[in-house]
Number of protein chains: 2
Amino acid sequence: MTNKYLKIFNDIVDQIESGEVSTNSLLPSENELRIQYDTSRETIRKALNLLAQKGYIQKIRGKGSLVIENGKFNFPVSGLISFKELADKMEGSVRTIAHDVSLIKPTPYIQKQLQLTNKDLVWQVIRTREINGKKIILDKDYFHQKIVPELTKEISEDSIYHYLEKELNLPISFAKKEVTVVEPTAEDRQFLDLEGFYNVVVIRNYVYLEDATLFQYTESRHRPDKFKFVDFARRNH
Amino acid sequence: MTNKYLKIFNDIVDQIESGEVSTNSLLPSENELRIQYDTSRETIRKALNLLAQKGYIQKIRGKGSLVIENGKFNFPVSGLISFKELADKMEGSVRTIAHDVSLIKPTPYIQKQLQLTNKDLVWQVIRTREINGKKIILDKDYFHQKIVPELTKEISEDSIYHYLEKELNLPISFAKKEVTVVEPTAEDRQFLDLEGFYNVVVIRNYVYLEDATLFQYTESRHRPDKFKFVDFARRNH
DNA sequence: AAGTGGTCTAGACCACTTC
DNA sequence: AAGTGGTCTAGACCACTTC
């Protein structure tokens with residue numbers, strides 16, 4: 001990958017995250033960065049716009065690019081990230097248990113969610129996520145068999161996303177997400193350590209490839225006390 | 001505002017939302033659009049990249065810009081949007097009641113959230129949102145007095161964001177958001193029609209101006225059955 | 001081979017901030 | 001007046017898709 005603006009972006013992210021450039025200070029100007037990285041101004045601007053979009057800097061006209069404080073929000077549940085990637089950043093011991101990995105004829109509900117025809121089969125993966133010995137999250141994943149021909153328990157207990165991207169070279173591109181709060185089902189009570197909680201948080205995820213085909217539907221069901229969602233948003237004027 | 005790429009962006013959004021260009025069809029190529037709008041390709045690309053970022057299109061190399069289906073997700077709770085703007089798009093009757101609009105010495109908790117000194121005062125606004133006659137949302141807003149010198153009950157029952165942006169010309173720029181689920185407080189029980197629900201969804205919002213100053217802290221407390229959060233996310237490779 | 005989008009360049013003019 | 005970021009241009013070369 002010879003992608004200049006991404007290299008510059010990553011370089012500056014590293015500088016911010018390592019504390020090499022400090023919060024509330026200004027980055028070098030676009031003109032200085034242009035000279036420093038031996039490139040054109042538009043390429044620098046591409047890197048800086050990415051930094052702004054991800055909440056690292058705030059660009060202020062006439063002044064420069066201000067590094068903004070992001071310390072207490074560095075827990076990126078927002079966006080598209082797999083549980084494995086997330087767990088790597090978390091405190092406490094974390095374990096994934098795959099209860100069921102099987103190729104099934106989809107229920108009408110799943111068939112509708114994944115927009116399948118009557119002949120399509122899906123991989124169903126039922127997993128729980130244990131944090132510090134408690135079953136906190138129930139993940140139900142459904143994958144279009146035409147796109148994911150094979151899945152195993154081993155893969156499901158490691159990282160399915162890693163397998164899809166690195167082994168199958170499936171380019172995961174975007175997702176639509178919906179968060180609601182509902183009463184626990186019998187299944188939730190069976191698989192989770194609910195300890196008297198009266199609600200579960202349900203995150204429905206519809207995941208698409210780069211060619212815009214829908215290939216995965218996921219329900220991630222969380223015990224409410226352990227659920228936290230953070231987001232960084234820019235206002236559209 | 002003579003902003004070519006935003007005009008092109010809005011023009012294409014209108015075409016998509018009115019159904020003039022249909023889902024699963026390709027937009028004209030960048031080269032065709034360049035001629036059509038009499039501009040340069042980079043300007044067209046700026047407009048198309050905005051469309052991609054907001055989930056209207058998926059760009060596919062070698063093929064074109066595919067209009068993607070967004071119908072069932074056109075309820076934009078995600079991002080930065082005020083309740084008034086949201087209510088305008090919602091079904092059912094909606095009413096805002098301001099219970100308290102006053103200039104106070106902040107509690108230690110609020111002082112910490114807004115990073116205030118001991119001498120700063122804040123405007124406190126306590127509002128409930130009624131949907132179809134039920135009190136569903138309790139909003140607690142705190143504004144830095146130095147930035148918002150004056151607030152009234154009338155403004156609070158209309159749209160504070162509209163007042164801040166159009167009257168005070170405050171450029172609202174970005175926000176950090178946190179969603180959790182907690183047990184109702186006595187205050188929640190007093191102000192909301194909880195009807196036996198055991199949890200409330202709490203959305204904490206830290207709102208910043210264009211010069212990156214923090215000026216507002218909000219807690220929006222929702223009855224769980226009426227809460228829904230939708231999001232469109234692109235994966236970072 | 002022709003058409004598509006992705007990256008990069010060197011330059012221009014402008015609005016805003018600082019001094 | 002000098003420095004900052006925001007927008008726009010016209011052109012180049014490349015990777016991928018289609019035929």
Side-chain angles (χ1 to χ4, degrees), chain A residues 1-12 21 24-53 56-68 169-171 173-174 209-213 234-237, chain B residues 1-12 21 24-53 56-68 169-171 173-174 209-213 234-237:
Chain A
M1 171 83 75
T2 47
N3 212 322
K4 244 185 199 176
Y5 80 90
L6 277 180
K7 275 189 189 135
I8 298 168
F9 167 76
N10 286 319
D11 197 45
I12 297 177
V21 301
N24 291 323
S25 68
L26 294 171
L27 291 182
S29 74
E30 294 182 350
N31 195 41
E32 283 176 274
L33 289 170
R34 175 184 66 75
I35 294 163
Q36 194 174 311
Y37 286 102
D38 187 27
T39 185
S40 70
R41 210 181 128 214
E42 285 288 6
T43 298
I44 292 295
R45 285 180 57 72
K46 249 185 179 167
L48 293 182
N49 285 336
L50 249 188
L51 287 163
Q53 198 190 309
Y56 286 102
I57 63 170
Q58 172 73 356
K59 307 192 83 187
I60 308 174
R61 191 184 338 225
K63 291 178 121 171
S65 297
L66 187 69
V67 180
I68 57 186
N169 279 314
L170 285 178
S173 179
F174 63 93
L209 301 179
E210 268 177 16
D211 64 359
T213 55
R234 288 191 174 273
R235 180 156 174 86
N236 312 318
H237 286 282
Chain B
M1 170 84 75
T2 47
N3 212 322
K4 245 185 198 177
Y5 80 91
L6 277 180
K7 275 189 189 134
I8 298 168
F9 167 77
N10 286 318
D11 197 45
I12 298 177
V21 301
N24 291 323
S25 68
L26 293 171
L27 292 183
S29 73
E30 294 182 351
N31 195 41
E32 283 176 273
L33 289 170
R34 175 183 67 74
I35 295 161
Q36 195 175 313
Y37 286 102
D38 186 29
T39 185
S40 71
R41 210 182 129 214
E42 284 290 5
T43 297
I44 292 295
R45 284 182 55 73
K46 248 185 179 166
L48 294 181
N49 285 337
L50 249 188
L51 287 163
Q53 197 190 308
Y56 286 101
I57 63 170
Q58 173 73 356
K59 306 193 84 187
I60 307 173
R61 179 160 18 199
K63 290 178 121 170
S65 298
L66 187 69
V67 180
I68 58 185
N169 279 316
L170 284 178
S173 178
F174 63 93
L209 301 178
E210 268 177 16
D211 64 358
T213 56
R234 287 191 176 274
R235 180 156 173 85
N236 313 317
H237 285 283

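Treat the numbers as computed from the prediction; the structure is a model and nothing was measured. We use all heavy atoms of the structure for the numbers below, so side chains are in, but hydrogens, waters and symmetry mates are not. Note on naming: letters A, B, ... go to the chains in the order of the sequence lines (proteins, then strands), and numbering restarts at 1 for each one.
Using the Watson-Crick or G-U wobble rule with both distances under 3.5 Å, C:dT9 pairs with D:dA10. Under the Watson-Crick or G-U wobble criterion, with both distances below 3.5 Å, D:dA15 is paired with C:dT4.
The stretch residues 59-66 of chain A touches DNA chain C through A:R61, A:G62, A:K63, each having a heavy atom within less than 4.0 Å of the strand.
For CG of A:N169, the number of neighbouring non-hydrogen atoms (other residues, nucleotides, ligands) closer than 6.0 Å is greater than 12.
Annotation for B:L26 and B:G64: closest pair CD2-C, 4.0 Å, computed over non-hydrogen atoms. Residue A:Q58 comes nearest to A:I68 through the heavy atom pair CB-CG2, 3.8 Å, listed as atom of the first residue, atom of the second, then distance. Pairing each heavy atom of A:V21 with each of A:V67, the nearest pair is CG2-CG2, 4.3 Å. Closest non-hydrogen pair, B:Y5 versus B:T43, comes out as CB-O, 3.7 Å. Scanning both residues, B:L66 and A:A212, for their nearest heavy atoms gives CD2-CB, 3.6 Å.
In summary, the side chains of A:S29 and A:N31 do not present any donor paired with an acceptor at a separation below 3.5 Å, with no hydrogens or angles considered.
Here the range on DNA chain C touched by chain A, meaning any atom under 4.0 Å from one of its heavy atoms, is C:dT7 to C:dT18.
Between A:S40 and B:P28, it is B:P28 whose nearest contact on DNA chain C lies nearer the 5' terminus. Residue-to-nucleotide proximity on DNA chain D shows that, of A:E30 and B:K4, the 5′-proximal contact is made by A:E30.
Not a single donor-acceptor pair under 3.5 Å links the side chain of B:D11 to the backbone N or O of B:K7.
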